[in-house]
Amino acid sequence: MTRRARLLLFLCGGGVLAALFVAGAVGMPGFGSTHHPDRDLAVPAAVSHGTANVVSAVNFDQRAIDTFGEETILIASTIGAVALLRPARGETERHPPDLGRTLESTRLIGYLLMPLTLVLGADVVLHGGITPGGGFQGGVVLATGIHLLYVTGSYPALERFRPMGAYRTAEALGAAAFAAVGAAGLIGSGSFLGNFLPTGSFGQILSTGTVQVLSAVVGVEVLGSAVVLLAAFFEQEISVRKNES
Amino acid sequence: MTAILVLALVLTAGAATVVVLTDAPARQAVTLSAFGLVLVLLFMVLQAPDVALSELGVGTAIVPLLVMLALNTMRKDRADRDRRDRR
């Protein structure tokens, strides 16, 4: 494609996108106003299913199908990136000796923060239905916590703590469990991803029906995805070398 | 409240400009991480803690780490090729 044709194509697509964006923004309620049609619909719907965190109610209950799409995109893009980054022909994987040198103070902070980060991540995943956060945020926090081991310790230490098979399985199982909960909703409530579990008393950890279950399986999937993706980049950086020829 | 909001918006615009004006991509990863923190502040001011948490994990930790790793791999690849060319 010539430069001119590319520019023309971009201007067509960009023009339509800009027009739609402006039309959408003009139709929105004013910034900071008290008129919130979406809130007026979302909050009662969340409360009726015992979900204190309305954002999670939207993500895992009212629009759970959108989250299902997003999780599928996440797993597909991770698979794509890992396929691109695998050792190519003419490259071999080696395990170099530990060359990491870290400041004592960095090590100390890392060793203090790593368990705290992991506990925080688990907390964010498990309380997704009642406090800010949820599976995605908690999964990312957990993945970040695991990689503190690389920042403050060494790559071999990270490799020991991170059996790749387990994370690959976790990623797939998380995605499959999301679909399974959706199918169970089809049986239990008549609609895919319907909230069919009892909702209990408002504000309790098990009060949200399927919201908390979906949050947990998304947490597992996101943790697996983030670790697998970062591992592919780490392998290219640290252990994959071109063969001398 | 409005003053804090304006301050957060100005900070975000300023931090974003710094990211754009940073020349070396390796240094850009660091400014991008700092920009992520400012964005977290803005989301908190706008009462969106869920989004703030996502941005904190993805924008300030994982994306800069991926950028750093990718840049390092490219640099090493280029050094390898140079060495082979000289031989």
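Chain letters run A, B, ... following the sequence lines, proteins first, then strands; residues in each count from 1. Bear in mind the structure is a predicted one, so any value in this text is a computation, not a measurement.
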Which residues in residues 58-73 of chain B have any heavy atom lying under 4.5 Å from a heavy atom of chain A?
V58(B), A61(B), I62(B), L65(B), L66(B), L69(B), A70(B), N72(B), T73(B)

Would you indicate whether [X], at its atom [atom1], is surrounded by more than 12 heavy atoms from other residues, nucleotides or ligands within a distance under 6.0 Å?
X	atom1	value
L206(A)	CG	no
R39(A)	CZ	yes
M74(B)	CE	no

Which atoms of N59(A) approach chain B - backbone, side chain, both or neither, heavy atom under 4.5 Å
neither

Which atoms of F136(A) approach chain B - backbone, side chain, both or neither, heavy atom under 4.5 Å:
side chain

Output a table of donor-acceptor pairs, distance under 3.5 Å, between side-chain atoms of residues 143-152 of chain A and any protein atom two or more places apart or on a different chain; print 'none' if there are none.
unit_1	atom_1	unit_2	atom_2	d
T144(A)	OG1	V140(A)	O	2.6
H147(A)	ND1	A143(A)	O	2.8
T152(A)	OG1	L148(A)	O	2.7

Can you tell me how far CD of Q236(A) sits from NZ of K76(B), rounded to the nearest 0.5 angstrom?
10.0 Å

Can a donor-acceptor pair be found, under 3.5 Å and without considering hydrogens, that links the side chain of D50(B) to the backbone of V55(A)?
no

Is any side-chain heavy atom of L56(B) closer than 4.5 Å to a side-chain heavy atom of V141(A)?
no

Can you tell me which of P132(A), G139(A), A226(A), G134(A) forms the most heavy-atom pairs within a distance under 4.5 Å of chain B?
P132(A)

